[in-house]
K.L.:
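What follows is a structure written as structure tokens; I'll ask about it next.
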Amino acid sequence: MAARARKLPRSFYNRPTLEVAPELLGKYLVHATAHEPVSGRIVEVEAYVGQGDPACHAARGKTDRNAVMFGPPGFAYVYFIYGMYHCFNIVTEREGFPAAVLIRAAEPTDGLSLMEYNSPGKRHHELLSGPGKLCRSMGITVAHSGLDLTGGEIYVEDRETSVPTIVTGSRIGIRSGTDLLWRFCDADSGSLSRPVG
DNA sequence: AACACGATCTACT
DNA sequence: GTAGATCGTGTTG
């Protein structure tokens, strides 16, 4: 990785989720796997903010599944969905306030061969263009839930590239809270999970 | 113990 | 555009 790359510290995540989410666009999600590092430039995220947000997994209180969202910021919240997919989130805000940013899409940067192995037949721009595909290609599972993202296995890097043009929209795949424009996308990316509506 | 459903994706019409 | 895959979790009985 480049010398100017900087791993995001816990203080980055210990802020309001609606500030953290758009700032994650253009940063690089890295998974240092046992084989080779895989990474992608984040181009689409969604914010899930506390018990007042009806679409947040923590809206109805703490359970075994969502407990990590109630913990300190800068940890991974990964859940299993639809019987076959995983979704990767980063916990934000102070301990006790349940919030997270769902990483929905990224552009592949490092470890292309491993990601192609994990997702056979996918075009490059489709390897990470959705939360389920992103986890599958990058090798992220519920085994990583609770992982400290200031450590060396999974983390986010600022490589000081140009700041993306950001567009917002309604969050995908939810039934309530659709009035909130808490989906943030890089307007110029060809790797979004869906066009911005 | 049984059930309904989900922050998705693919294949097929 | 829409149906089907597939199973852990939370809720209900």
Side-chain angles (χ1 to χ4, degrees), chain A residues 13 16-18 20-22 24-25 29 31 40 42-71 73 75-93 97-108 115-147 149 154 156 166-186 189-197:
Chain A
Y13 305 110
T17 309
L18 295 177
V20 175
L24 283 169
L25 297 176
L29 175 63
H31 181 194
I42 299 169
V43 296
E44 178 180 345
V45 300
E46 285 176 359
Y48 290 89
V49 189
Q51 305 201 43
D53 174 4
C56 181
H57 282 177
R60 290 169 207 172
K62 190 175 182 178
T63 67
D64 287 345
R65 179 206 201 194
N66 66 28
V68 65
M69 287 184 85
F70 287 79
F75 284 77
Y77 169 47
V78 187
Y79 60 88
F80 185 61
I81 192 69
Y82 295 119
M84 57 183 95
Y85 299 110
H86 298 271
C87 289
F88 173 78
N89 300 254
I90 301 177
V91 176
T92 55
E93 314 216 24
F97 187 94
V101 176
L102 170 67
I103 308 300
R104 286 193 57 90
E107 295 169 347
M115 291 195 280
E116 289 169 345
Y117 175 80
N118 288 336
S119 298
K122 286 275 180 293
R123 307 295 301 269
H124 287 185
H125 68 276
E126 296 169 334
L127 285 169
L128 307 175
S129 60
K133 288 183 279 188
L134 184 146
C135 284
R136 178 156 168 66
S137 296
M138 297 190 77
I140 297 173
T141 73
V142 290
H144 298 105
S145 201
L147 186 69
L149 300 179
I154 300 177
V156 180
I166 298 174
V167 289
T168 65
S170 181
R171 293 172 291 179
I172 307 293
I174 57 172
R175 319 261 311 193
S176 53
T178 54
D179 55 316
L180 303 167
L181 303 181
W182 288 355
R183 176 185 182 220
F184 302 89
C185 300
D186 176 345
S189 177
S191 298
L192 300 181
S193 66
R194 291 175 45 176
V196 183

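Residue numbers begin at 1 in each chain, while the letters A, B, ... track the order of the sequences. For clarity, every value in this text was computed on a predicted model and none was experimentally measured.
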K.L.:
Under 3.5 Å, which donor-acceptor pairs do the side chains of residues 78-92 of chain A form with other protein atoms, sequence neighbours left out?
P.N.:
residue	atom	partner	partner atom	Å
A:H86	ND1	A:V142	N	3.4
A:N89	ND2	A:Y77	O	3.1
A:T92	OG1	A:T17	OG1	2.7

K.L.:
A:Y13 versus A:V156: any side-chain heavy-atom pair under 4.5 Å?
P.N.:
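The answer is yes, as the side chains (C-beta and beyond) meet within the 4.5 Å cut-off.
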K.L.:
Atom CZ of residue position A:R194 - does it have more than 12 heavy atoms of other residues, nucleotides or ligands inside 6.0 Å?
P.N.:
no
K.L.:
Side chain to side chain donor-acceptor pair (under 3.5 Å) between A:S137 and A:S119: does it pass, once the steps are laid out?
P.N.:
CA-CA 6 Å; A:S137 296; A:S119 298; 2.7 Å; yes
K.L.:
A:F97: which residues meet the ring pair (Phe, Tyr, Trp, His ring centres under 6.0 Å) condition with it, sequence neighbours left out?
P.N.:
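Testing A:F97 for ring pair (Phe, Tyr, Trp, His ring centres under 6.0 Å), a comparison that skips the adjacent residues, returns none.
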K.L.:
Less than 3.5 Å apart, any donor N or O on the side chain of A:H124 or A:E107 sitting next to an acceptor on the other?
P.N.:
no
K.L.:
Can you list the stems that include DNA chain C, where a stem is three or more consecutive Watson-Crick or G-U pairs with distances under 3.5 Å?
P.N.:
B:1-6 with C:7-12, B:8-12 with C:1-5
K.L.:
Stepwise, does the side-chain contact (heavy atoms from CB on, under 4.5 Å) test hold for A:L147 with A:F75?
P.N.:
CA-CA 5 Å; A:L147 186 69; A:F75 284 77; over 6 Å; no
K.L.:
Base, sugar-phosphate, or nothing: which does A:I174 touch, judged by heavy atoms less than 4.0 Å apart?
P.N.:
sugar-phosphate
K.L.:
Tell me, please, the opening and closing nucleotides of DNA chain B, 5' to 3', among those with an atom under 4.0 angstrom from a non-hydrogen atom of chain A.
P.N.:
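The contacted stretch runs from B:dG6 to B:dT10.
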K.L.:
Test of understanding: with side chain to side chain contact (heavy atoms under 4.5 Å, CB included), list the residues that count as partners of A:A106, not counting sequence neighbours.
P.N.:
A:L128, A:L134
K.L.:
Does this structure show an ion pair linking A:R183 with A:E44, if we count only N-O contacts that are shorter than 4.0 Å?
P.N.:
yes
K.L.:
Under a 4.0 Å N-O cut-off, is there an ion pair linking A:R171 with A:E46?
P.N.:
no
K.L.:
Do nucleotides 7-13 of chain C as a string where each nucleotide becomes B, S or -: B if the base has a protein heavy atom under 4.0 Å, S if just the sugar-phosphate does, - if no protein is that close.
P.N.:
BSSS---
